Q: 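If you scroll down you'll find the structure; I have some questions about it.
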Amino acid sequence: MAARSRGTELDLSWISKIQVNQPAVVRRAEQIQARRPVKKEWQVAWLLKAVTFIDLTTLAGDDTFSNIQRLCYKAKYPIREDLLKALNMHDEGITTAAVCVYPARVCDAVKALKAAGCDIPVASVATGFPAAQTHLKTRLEEIRLAVEDGAKEIDVVINRSLVLTGRWEALYDEIRQFRQACGEAHLKTILATGELGSLTNVYKASMIAMMAGSDFIKTSTGKETVNATFPVAIVMLRAIRDFFWKTGNKVGFKPAGGIRTAKDSLAWLSLIKEELGDEWLKPELFRIGASSLLSDIERQIYYHVTGRYAAYHDLPMS
Amino acid sequence: MTASDAGPSVREIFSTLEYGPAPESHACALAWLDTQDRLLGHYVNGKWLKPEDRNSVPCQDPVTGENLASCLLAEPDDVAAAVKAALEVLGSWSRVPGAKRAQHLTRLAKMIQKHQRLLWTLDSLVTGRAVREIRDRDVLLAQQLLQYQAVQAQVQEEALAGWKPMGVIGLILPPTFSFLEMMWRICPALAVGCTVVAIVPSASPTPLLLAQLAGELGAFCGILNVIIGPASLGATLGLCPGVQKVAFCGAVEEARVLRQSLAGQRLELSLALGTESLLLLMDSADLDSAVEGVVDAAWSDRSPGGLRLLVQESVWEETFRRLQTRMGQLRCGRGLDGAVDMGTRGAAAHYVAQCYVQEAQSQGAEVFQAIPVLSASPFYPPTLVSGLPPASPCAQAEVPWPLVVASSFRTAKEALAVANSTPRGGSASVWSERLGQALELAYGLRVGTVWVNSHGLRDPAVPTGGCKESGSSWHGGLDGLYEYLQPSGTPERLPFEYQDLNYDSFGLTVPVSLPAGPETGPSPVPPYGLFVGGRFQPPGAWSSRPIWDSSGNLHGYVAEGGAKDVRGAVEAAHQAAAGWEHQPPGVRATLLVALAAALERRGAGLAERLQQHGADPEAAKTEVELSAGRLRLWAAYAQAQAQGHTLQVAGLKGPVLRLREPLGVLAIVCPDEWPLLAFVSLLAPALAHGNAVVLVPSRTCPLLALEVCQDVASMFPAGLVNVVTGDCDHLTRCLALHQDVQALWYFGSAKGSQFVEWASAGNLKPVWVNRGHPRAWDQEPQGTGSELALRAARTKALWLPMGD
């Protein structure tokens with residue numbers, strides 16, 4: 001993964017004048033999904049690329065070693081080998097970008113990936129995921145423990161109450177502390193945009209998170225009622241671009257929650273390409289948090305290769 | 001299913017992540033052209049018309065230059081045949097119940113739905129426009145238009161009682177966007193019971209397909225006839241007996257020629273001109289969204305023309321960085337590719353854009369293009385021109401597609417001044433997150449449509465039109481319907497063209513008048529002079545004209561007004577106009593009621609004077625009473641309705657306001673008959689709608705108007721009402737040729753009407769002429785009523801999307 005983001009001093013003037021017009025952003029979001037269809041070979045290549053952006057995720061109360069192990073093997077072998085061979089893509093080393101689990105399952109994931117001979121990172125959610133309504137001290141401790149267990153990436157959730165009451169300095173300080181607690185692990189900051197009230201707040205929270213040194217900003221936990229939507233993504237991507245223009249630092253983006261179909265994933269790729277450019281289309285700067293997306297992509301590739309629609313039992317489960 | 005030999009492999013695309021081609025299959029469009037043997041004729045009376053011995057022009061694929069078909073160019077005979085067909089079916093079509101017409105329009109909408117792939121691929125193939133816009137927007141809008149107008153037809157008998165369809169409508173369509181422009185106009189025309197003959201350019205034959213779809217509905221074959229030909233056939237179309245109205249969409253200069261050549265004909269001419277739009281970007285705006293607004297307006301094949309962009313100086317650099325970055329992401333390519341933003345518009349549009357850019361560069365402008373212009377390529381890249389102050393010659397020309405010409409301003413006031421200082425008045429958008437500022441600008445812009453924080457939204461229920469040189473016709477909404485209606489009881493129009501009318505000398509000189517004996521008029525003697533700027537002034541020419549009473553005696557003298565007096569009166573009116581426009585309707589109403597009371601106080605004197613001019617005592621009394629009544633009526637109207645209303649629009653969160661704004665300075669030439677009643681009946685609606693007026697009173701009896709002005713002087717702001725007496729033809733000439741008079745109502749001779757129509761080509765002001773027909777000023781529908789209300793103001797649509 002790329003070098004850690006350095007962050008900057010807190011500069012509230014970067015967010016004080018910002019205006020986001022919601023209906024205009026919604027219109028742009030509708031347009032962007034209809035303007036860049038990708039077909040045939042291009043579609044296959046884009047879908048394979050999308051696989052390499054996936055943070056293959058399981059965040060359920062009933063996760064145990066056995067399903068974590070299945071997940072990790074699917075991360076290593078995301079597409080059936082014979083399909084890749086047919087596309088002459090079997091030697092590209094296509095895996096998902098990471099697996100993402102609860103802190104208590106990090107050890108399981110590290111163990112399973114090691115067994116699979118796979119060096120992709122384990123990402124762990126932390127800081128009182130998904131509500132962040134626990135004491136700061138325990139939230140920080142959670143990060144440290146997850147890193148000790150071998151997580152290379154930490155997906156923290158921000159404290160929404162600080163955004164909703166406009167306490168931007170406090171938000172900056174908290175994320176700064178998260179960052180320190182991460183040590184060498186990468187920090188992905190979940191904004192939980194469905195609970196921030198407005199797109200203007202989404203922009204401001206994005207900017208604060210980047211100033212505080214986040215390596216990624218991430219839309220949602222997947223547990224809110226509204227998850228990764230295009231309007232929210234557009235606002236966050238514009239914040240990422242503005243931050244890059246101001247500091248020269250590239251911060252990554254991770255939509256998560258509700259991305260289930262291959263078609264969705266293509267739209268997300270073209271969204272990144274349009275708003276930020278090709279430089280952001282690599283796992284160091286773009287991730288998709290998803291669980292069922294991968295199997296839909298595999299089905300599409302099966303169809304492209306064989307000309308037939310796959311039955312469920314044709315493709316290995318994760 | 002492996003990678004084709006020509007294209008890149010999956011492995012290559014995997015590393016580059018480039019976009020691939022996403023072509024829409026247009027086999028059906030080619031198959032349709034094959035059904036015509038690749039020879040497109042005209043669609044008249046439900047049949048294809050392919051006359052022998054006609055010149056043909058090729059219809060080419062604008063990308064490859066490949067000949068797709070030949071188009072037969074219409075000759076006057078073909079136009080006549082189409083008009084004949086439209087006339088034949090007019091009787092049955094206009095007389096069937098509205099519900100039946102509604103059913104027919106709904107069936108056409110269904111027909112479009114069934115054959116939409118053919119429609120959108122054909123249109124994209126021949127015009128070069130991005131298929132995405134046609135497929136996702138235009139075709140849907142076409143169906144919505146038909147459905148909306150079907151509803152209007154259904155309720156026509158009730159909702160539009162007192163109005164009847166005009167008859168055969170001639171429609172002249174522009175080379176770009178002809179399919180949609182046609183739908184905007186034929187839907188309301190057909191709905192109210194008119195029939196249509198459309199002339200379409202050879203470059204876009206989609207309207208022919210549409211006419212065929214309409215023809216295949218079976219019944220009422222001739223209601224839509226489409227012929228291919230140059231816009232210059234418009235005059236021929238207008239001269240065909242039976243055509244009641246010509247609606248012209250196209251270029252300003254062509255419109256001027258057409259206006260002049262149709263002067264004095266028996267028809268109405270409505271104009272929708274120009275393609276330029278405007279975008280005002282304030283520093284409080286969401287800049288990124290505003291940049292998307294620029295893309296919508298100029299670089300997404302959504303609008304036919306270019307964009308003038310005004311950016312507040314404090315965000316100039318930030319805006320430019322965003323714009324230029326965004327331009328780098330735009331894709332030009334074959335329109336049939338679903339993944340391109342912009343197609344092509346053919347060599348002619350390419351040439352116009354290139355000329356503008358070169359001219360701008362020679363005048364010191366900076367030009368930014370993310371993709372270089374290739375002379376061999378059919379595509380012209382999105383282009384951003386800046387550093388072109390208003391005084392540079394290039395800045396005054398209309399911005400062509402696909403250019404954006406950007407300039408800066410300092411304050412909102414300055415933005416408004418700059419924006420309003422062009423002769424164009426089509427559409428504009430305002431980008432600001434401050435509600436007060438956005439509304440101030442939206443109300444202040446002299447255009448037909450304003451979008452707040454959005455650009456280019458359309459809906460069948462919203463009237464779209466313009467002012468100034470963008471032409472004053474509307475399509476969409478109720479205003480669009482009235483374009484094709486006339487009040488029941490409107491007399492049959494007879495030709496009144498005077499072939500020999502000399503436009504250069506009409507009303508040029510004023511006959512000399514000499515002292516003519518003792519005055520016999522009553523005392524007190526009415527004030528002498530022209531009523532200009534709120535007081536009575538001596539005329540510039542320092543001469544007078546005698547007024548005779550009905551028994552041939554010299555009644556008195558009035559001032560002989562001339563060109564300089566008209567100039568002074570228009571100036572005075574302009575000074576008063578701004579203040580009056582912003583008066584709340586209640587204040588306007590109060591003053592009109594007060595004038596009514598004053599008129600009644602003068603009643604006896606006015607009646608006496610009317611009697612001297614031949615009215616019997618009872619009629620004189622009635623005329624005074626009716627006049628006071630009119631003032632009261634319009635006072636009430638000013639408060640109740642003149643302010644417009646809110647529209648509900650499908651697919652938009654937030655209101656659209658239909659505003660009724662004053663025209664500005666309205667010149668009115670009053671008829672000779674009903675010297676008091678006609679004067680008041682015309683003055684009252686003009687004032688009620690917020691206009692400032694310059695009036696020429698009755699020629700035979702101007703003194704009544706002057707007497708009323710004595711009360712006007714003490715009540716109304718100075719300059720709001722100006723009355724200039726003198727030679728009617730001469731004053732008409734001065735007013736008709738005045739470029740800063742926004743509209744002209746003429747109730748005089750047939751010759752005068754013809755001159756007024758001819759002269760209005762100058763600033764394309766809307767004119768209303770009586771063509772020499774007397775009007776029943778004492779009757780309800782003609783002396784008052786909705787026709788006057790419609791003519792006395794213009795519509796503006798104000799879009800206010802909401803959300804947070």
Side-chain angles (χ1 to χ4, degrees), chain A residues 17-28 30-32 34-49 52 84 86-89 91-92 94 197-200 203 231 234-235 237-238 241-242 245 269-270 272-278 281-282 301 303-307, chain B residues 1-4 7-24 130 132 135-136 283-290 292-293 295-296 300 315 318 321-322 325-326 328-331 337-341 431-434 452-455 457 652-654 801-804:
Chain A
K17 277 197 199 151
I18 183 66
Q19 298 286 352
V20 180
N21 186 283
Q22 189 259 0
V25 170
V26 169
R27 270 198 306 281
R28 169 70 178 146
E30 283 163 6
Q31 284 174 4
I32 217 163
R35 291 199 173 175
R36 295 286 185 267
V38 182
K39 296 185 174 181
K40 300 197 170 146
E41 286 77 31
W42 284 267
Q43 192 180 86
V44 178
W46 279 51
L47 287 176
L48 288 174
K49 198 71 179 184
T52 69
L84 288 177
L87 295 165
N88 192 26
M89 291 293 288
D91 54 355
E92 285 280 342
I94 290 174
S198 73
L199 290 180
T200 308
Y203 183 95
I234 287 170
V235 171
L237 293 174
R238 286 174 179 170
R241 183 208 51 202
D242 288 349
W245 280 351
L269 258 63
S270 67
I272 305 299
K273 194 173 162 76
E274 291 297 306
E275 290 283 322
L276 292 175
D278 291 346
L281 282 175
K282 49 188 178 189
I301 290 172
Y303 173 69
H304 181 87
V305 171
T306 65
Chain B
M1 292 176 79
T2 50
S4 59
S9 68
V10 169
R11 187 185 285 266
E12 280 161 7
I13 306 166
F14 184 78
S15 66
T16 62
L17 271 191
E18 62 187 12
Y19 289 118
E24 283 280 347
R132 152 187 56 78
R135 180 190 61 204
D136 299 348
D283 63 0
S284 66
D286 173 355
L287 295 186
D288 285 301
S289 291
E292 291 305 325
V295 173
D296 283 346
S300 64
V315 290
E318 259 193 278
R321 182 171 195 179
R322 286 169 159 74
T325 308
R326 183 72 178 88
Q329 301 293 340
L330 292 168
R331 302 184 75 226
D337 188 317
V340 304
D341 294 298
W431 294 78
S432 165
E433 288 303 311
R434 283 161 56 196
V452 172
N453 292 325
S454 53
H455 199 109
L457 307 179
L652 176 83
K653 205 173 152 209
M802 66 185 197
D804 183 52

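Since the structure is predicted, the reported quantities are computational estimates derived from the model, not experimental observations. Here is the naming used below: chain letters follow the sequence lines, and residue numbers restart at 1 for every chain.
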Q: Apply the side-chain contact (heavy atoms from CB on, under 4.5 Å) test between B/Val10 and each candidate in A/Leu47, A/Val44, A/Ile301; give the one that qualifies.
A: A/Val44
Q: Is A/Trp46 reaching over with its side chain to a backbone N or O of B/Glu18, donor-acceptor style, under 3.5 angstrom?
A: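 Here the side-chain-to-backbone pair exists.
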Q: Please flag which part of B/Asp296 lies under 4.5 Å from any non-hydrogen atom of chain A: side chain, backbone, both or neither.
A: side chain
Q: Start with the C-alpha distance between A/Leu87 and B/Phe14, add both sets of side-chain angles, then the distance that settles side-chain contact (heavy atoms from CB on, under 4.5 Å), and finish with yes or no.
A: CA-CA 11 Å; A/Leu87 295 165; B/Phe14 184 78; over 6 Å; no
Q: Where does A/Ile94 contact chain B at under 4.5 Å (heavy atoms): side chain, backbone, both or neither?
A: side chain
Q: Can you tell me which of A/Leu281, A/Asn88, A/Leu269, A/Ile18 forms the most heavy-atom pairs within a distance under 4.5 Å of chain B?
A: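 Of the options given, most contacts go to A/Asn88.
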Q: What part of A/Gln43 gets within 4.5 angstrom of chain B, counting heavy atoms only: side chain, backbone, both, or neither?
A: neither
Q: Which pair of heavy atoms, one from B/Ser289 and one from A/Asn21, lies closest together, and at what distance?
A: OG-O, 4.2 Å
Q: With rounding to the nearest 0.5 angstrom, report the NZ to CD1 distance, A/Lys49 to B/Ile13.
A: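 The CD1 atom of B/Ile13 is 12.0 Å from NZ of A/Lys49, to the nearest 0.5 Å.
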Q: Report the C-alpha distance between B/Glu318 and A/Trp245 in whole Å, list the side-chain angles of each, state the deciding distance to 0.1 Å, and finish with yes or no for side-chain contact (heavy atoms from CB on, under 4.5 Å).
A: CA-CA 11 Å; B/Glu318 259 193 278; A/Trp245 280 351; over 6 Å; no
Q: Taking 4.0 angstrom as the limit, do B/Asp288 and A/Arg241 come out as a salt bridge?
A: yes
Q: Taking A/Glu92, A/Lys39, A/Lys273, A/Lys40 one by one, which has the highest count of heavy-atom pairs under 4.5 Å against chain B?
A: A/Lys273
Q: Do the side chains of B/Val295 and A/Gln31 get nearer than 4.5 Å, heavy atoms only?
A: no
Q: Quick one: closest heavy-atom pair of B/Asn453 and A/Ala24, and the distance?
A: O-CB, 4.0 Å
Q: What part of A/Asp278 is in contact with chain B, defined as an atom under 4.5 angstrom from a non-hydrogen atom: side chain, backbone, both or neither?
A: side chain
Q: Checking B/Asp804 against chain A: side chain, backbone, both or neither under 4.5 Å from a heavy atom?
A: both
Q: Taking atom CG of B/Leu652 and atom CZ of A/Arg27, what is their separation to the nearest 0.5 Å?
A: 8.0 Å
Q: Let me see the working for B/Arg11 and A/Asp91 under side-chain contact (heavy atoms from CB on, under 4.5 Å), right down to the final yes or no.
A: CA-CA 10 Å; B/Arg11 187 185 285 266; A/Asp91 54 355; 2.6 Å; yes
Q: Mind checking the CG-OG1 spacing from A/Leu276 to B/Thr325? Nearest 0.5 Å is all I need.
A: 11.0 Å
Q: A/Trp42 and B/Pro21: which non-hydrogen atoms are nearest, and at how many Å?
A: CH2-CD, 3.5 Å
Q: Under 4.0 Å between a Lys/Arg side-chain N and an Asp/Glu carboxylate O for A/Asp242 and B/Arg321?
A: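 Looking at B/Arg321 together with A/Asp242, the answer is no, because their closest N to O distance does not fall below 4.0 Å.
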Q: Is chain B contacted by the side chain of A/Thr52, its backbone, both, or neither, given a heavy-atom distance below 4.5 Å?
A: side chain
Q: Below 4.5 Å from any heavy atom of chain B, which atoms of A/Leu199 appear? Answer side chain, backbone, both or neither.
A: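 For A/Leu199, neither part sits under 4.5 Å from chain B.
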Q: Verify side-chain contact (heavy atoms from CB on, under 4.5 Å) between B/Arg331 and A/Arg35, making sure each step is shown before the conclusion.
A: CA-CA 10 Å; B/Arg331 302 184 75 226; A/Arg35 291 199 173 175; over 6 Å; no
Q: Tell me, for A/Arg36 versus chain B, whether the close heavy atoms (under 4.5 Å) come from the side chain, the backbone, both or neither.
A: both
Q: For chain A, find which of B/Met802, B/Lys653, B/His455, B/Glu292 contributes the most heavy-atom pairs closer than 4.5 angstrom.
A: B/Glu292
Q: State, yes or no, whether a side-chain contact exists between B/Glu24 and A/Pro37 at a heavy-atom distance under 4.5 Å.
A: no
Q: Any non-hydrogen side-chain atom of B/Arg326 less than 4.5 Å from a side-chain atom of A/Glu274?
A: yes
Q: Answer with side chain, backbone, both or neither: which region of B/Ala285 has an atom nearer than 4.5 Å to a non-hydrogen atom of chain A?
A: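 When you check distances to chain A, only backbone atoms of B/Ala285 fall under 4.5 Å.
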Q: What heavy-atom pair brings B/Asp286 and A/Val20 nearest, and what distance separates the two atoms?
A: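 Reported closest heavy-atom pair: OD2-CA, 3.4 Å.
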